[in-house]
Protein chains: 2
Amino acid sequence: MSHIGYGCLMTVDREQVLRTAAALLSRKATATMDEVARAAGIGRATLHRHFAGRDALVRALEALGIQEFEAAIDTARFDDGTAEEALRRLIAGLEPVAGLLAFLVTENQLFEGDQMNEGWDRLDARVAALFRRGQERGEFRIDLTPVWLTEALYGLIGTCAWAVQDGRVAGKDFQYMIAELLLGGARRSVER
Amino acid sequence: MSHIGYGCLMTVDREQVLRTAAALLSRKATATMDEVARAAGIGRATLHRHFAGRDALVRALEALGIQEFEAAIDTARFDDGTAEEALRRLIAGLEPVAGLLAFLVTENQLFEGDQMNEGWDRLDARVAALFRRGQERGEFRIDLTPVWLTEALYGLIGTCAWAVQDGRVAGKDFQYMIAELLLGGARRSVER
DNA sequence: CCGATGTGAGACATCAATGTCTCATCGGGA
DNA sequence: TCCCGATGAGACATTGATGTCTCACATCGG
């Protein structure tokens, strides 16, 4: 069902609304429902028809973020080749979701309720398992815990996403900056 | 009646209120003025007498964070010894301020106004200069820009502060985890 | 052509946080 | 001792976001 018009009356594409909301909230976490609706090119009433309230919207974004994160993990094929190669593939796959993840991480309201989405635990476990595999293969150092490496990955992705948004880091360098820093660090390694 | 010292009527220690507010807001950025007041053991009216409003409070926290960050830089003696040593001293000095910095970084409202505190620029410049010095000395790699290394340092400090608060990383490992990851990365760089 | 559906705009009540005010009380200093 | 200043508690109005509702209208399918 094709369609043309911009503001004209057409069935709302729930997916598109979510992506627009993600883009907006990534930049301005305190955006109101009205701003979200405007950004998505729909009316506030319509936004409420699809998402019962702000809470439901954030939950939907959380589900979307988890889903795309999981997809990125699947695509990264953790068991193919070295752990380093898998990590680089993961970072590449996460780039399009970086802004959304940065927003969700700061939305700590998500993590204090009893109904915390268990998807995060699964993601954490899978990523930590990748780092652990790298340690067992002798690729990664063992004095940095897999849990910390996982957190650091999240942190660097969010930080870099913001830095790119603010123009402090070139967008094209996103994957390189994260992967190189996380893997090799700032110190100039000994040439060999 | 008959309470002693604590909630008793006594002149408010502005500094102590700020520190308490920083500790609370680091954990819960959306805490209300009432919650901040309760946490500081004072009445909401008194809080308003010292800080005109929530905005003024956040600005005061910003000033405090900048001041302590600057103090940490001074203490780190950037020009003494290697850049790596200076960076480790900086991380050590920033540990007590980590929570506050993590809060301020996410308070992006601070950075969108025209009246953005120029203190951040000075801090950025000083830290970036340290990384640049390390590059010029041949200690640090030159394919990671000083600006990115600076951002990454902020990000890792905030991430680690949260991870410690949530019990995912041991508090005593704070300095080590950040310094080792930032300097050496996850890869096991053995000379063989 | 006509009804069903989904939409935009806006009115409206609600709610929570904020900011301001008063007042009784306590403590320190003159 | 007595007065002044600072405080805590609470009342109050204000503000902004939210959630619900109605209504007119455009589009689609029959």
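Quick note on labels: first sequence line is chain A, next is B, and so on, each numbered from 1. What you see below is based on every heavy atom in this structure, not just the backbone, and it leaves out hydrogens, waters and symmetry mates.
In this structure, Arg133(A) does not pair ionically with Glu139(A), as no charged nitrogen and carboxylate oxygen lie closer than 4.0 Å. A salt bridge between Arg137(A) and Glu84(A) is absent, with no side-chain N of the basic residue lying under 4.0 Å from a carboxylate O of the acidic one.
Atom-to-atom, CE of Met33(B) to C1' of dT20(C) comes out at 13 Å; the value is rounded to the nearest Å. Between the P atom of dA6(D) and the CZ atom of Arg14(B) lies a distance of 15 Å, rounded to the nearest Å. Residue His48(B) contributes atom NE2, which lies 18 Å from atom P of dC12(D) at whole-angstrom precision. For Arg44(B) and dG19(C), the CZ to P distance is 9 Å, given to the nearest whole Å. The distance between atom CG of Asp13(A) and atom P of dT7(C), rounded to the nearest whole Å, is 11 Å. The CG-P distance, from Asp55(A) to dA17(D), rounds to 18 Å in whole Å. In this entry the distance linking CZ of Phe51(B) with C1' of dG19(C) reads 16 Å, nearest Å. As a whole-Å value, the separation of Leu47(B) CG from dG8(D) P is 10 Å.
Judged by closest nucleotide on DNA chain C, Ile42(A) is the one of Ala31(B) and Ile42(A) placed further toward the 5' end.
The side chain of Thr46(A) contributes no N or O atom lying less than 4.0 Å from OP1 or OP2 of dT7(C). Listed pair His50(A) / dT7(C) meets the phosphate criterion, a side-chain N or O lying under 4.0 Å from OP1 or OP2.
Side-chain N/O atoms of Arg38(B) and base N/O atoms of dG8(D) include no donor-acceptor pair closer than 3.5 Å.
Between Phe131(B) and Phe140(B), the ring planes lie tilted relative to each other; the angle falls in the 30° to 60° range.
As judged by a 4.0 angstrom heavy-atom cut-off over every strand, Arg49(A) is placed among the base-contacting residues. Residue Arg54(A) is classed as a sugar-phosphate contact, given heavy-atom separations below 4.0 Å to backbone atoms only.
Listed candidates were dG10(C), dG19(C), dT20(D). Nearest to the side chain of Ala45(A) is dG10(C).
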Audit row: Arg126(A), Asp74(A), salt bridge (charged side-chain N to carboxylate O under 4.0 Å, His left out) steps and yes/no: CA-CA 10 Å; Arg126(A) 294 185 70 181; Asp74(A) 293 335; 2.9 Å; yes
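The number of heavy-atom neighbours closer than 6.0 Å to CZ of Arg141(B), taken from other residues, nucleotides and ligands shown, is above 12.
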